[in-house]
Amino acid sequence: MGVEGCTKCIKYMLFFFNFIFWLAGCVILGVSLWLRHDNKTSSLLELKYEGAEAPSTFYISVYILIAVGAVMMFVGFLGCYGAIQESQCLLGTFFACLVILFACEVAAGIWGFMNKDKISKELISFYDTVHDRDISATDSEKKQAAATVLKVFHETLNCCGKESLISTATMWFSDTCPQDKKFAANCHTKIKELFSEKIYLIGIAALVVAVIMIFEMIFSMVLCCGIRNSPVY
């Protein structure tokens, strides 16, 4: 019983795409949890020094991704069940959820593109603040606190100092720098590289999901029309 012919083929294609969509939700949830607990990023973004702290923008983005991954898993399951049951109500709800998700993804993509350099700039600014205070500090306690924060940066990113290695002569023999200072890049470059890699990974995942969502919206509407026009369902 139910739909026949081409519509039946679309039914199983929709089920297949929804299963992929559900898997994509699992992947995004897993990747976002990895980004949240990645030792390299968490060790830098949880630093504090004299009231100044690393930017929270990155973690806000990651929490949004966690929510998106969880919602995608739910919507993917809803689509799979709706397709197999040939339920217009479930498929209509699924389509509405997809439209909302797609709109949110487009909005997030625009926001991410406009703020793609913000996270690294904020973290560089935080690093420079600590770096300059370490150099200018006369109090041994404050100097030690700054050195502790700088050491986390230098060991995590294998970097040493600001803009260029020549301009960091005052820090060149500091204990906070890596053992092999000769091959350590400046920290500004390393911070930019760290977050550009993360954003690139998120961008690929978002593009793949957007393509799947477009196909699912088309298939769900075609299947809904097929169910409505079917003589037996």
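Note that these values count all heavy atoms, side chains included, but never hydrogens, waters or copies made by symmetry.
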Interatomic spacing from [atom1] in [X] to [atom2] in [Y] - rounded to 0.5 Å:
X    : Y    : atom1 : atom2 : answer
D128 : I191 : CG    : CD1   : 8.0 Å
S220 : L78  : OG    : CG    : 10.5 Å
E193 : C159 : CD    : SG    : 10.0 Å
Q88  : L223 : CD    : CG    : 9.0 Å
C97  : F74  : SG    : CZ    : 6.5 Å

**Report entry** Any side-chain donor near an acceptor of the partner, T189 and N186, under 3.5 Å
**Finding:**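 T189 vs N186: donor-acceptor pair found between side chains.
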
Closest non-hydrogen atom pair, [X] against [Y]:
X    : Y    : value
A83  : L91  : N-CD2, 3.9 Å
G92  : C224 : N-SG, 4.3 Å
L101 : M72  : CD1-CG, 4.2 Å
V99  : M217 : CG2-SD, 3.9 Å

Is [Y] reachable from [X] through a run of hydrophobic residues whose side-chain heavy atoms are each under 4.5 Å from the next?
X    : Y    : answer
I212 : Y12  : no
I84  : F77  : no
I218 : V208 : yes

**Report entry** Set of residues satisfying side-chain contact (heavy atoms from CB on, under 4.5 Å) with respect to I100, sequence neighbours excluded
**Finding:**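 I100 satisfies side-chain contact (heavy atoms from CB on, under 4.5 Å) with C104 only.
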
Requested in this report: Kindly write out the residues that satisfy side-chain contact (heavy atoms from CB on, under 4.5 Å) with C26, not counting sequence neighbours, or none if the list is empty.
Outcome: W22, M73

Requested in this report: Might you work through the side chain to side chain contact (heavy atoms under 4.5 Å, CB included) test for F94 and E216, ending with a clear yes or no?
Outcome: CA-CA 9 Å; F94 168 70; E216 287 192 320; 3.7 Å; yes

Requested in this report: Please tell me if the side chains of I124 and K192 come closer than 4.5 Å, counting only heavy atoms from C-beta onward.
Outcome: yes

Requested in this report: For the residue pair Y127 and H154, establish whether any side-chain heavy-atom pair is separated by less than 4.5 Å.
Outcome: yes

Report task. Can you label the angle between the F219 ring and the F215 ring as parallel, tilted or perpendicular, going by 30° and 60°? Result ->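 Ring orientation, 0 to 90° scale: tilted.
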
Query raised in the report: With distance as the sole test, does S125 use its side chain to make a donor-acceptor pair with the main-chain N or O of K121 at under 3.5 Å?
Result: no

Report task. Take F153 and L123 through the side chain to side chain contact (heavy atoms under 4.5 Å, CB included) test and state the conclusion after the steps. Result -> CA-CA 10 Å; F153 271 98; L123 196 58; 4.1 Å; yes

For residues 13-21, which side-chain donor-acceptor pairs fall under 3.5 Å, sequence neighbours excluded?
| unit_1 | atom_1 | unit_2 | atom_2 | d |
| --- | --- | --- | --- | --- |
| N18 | ND2 | L14 | O | 3.0 |

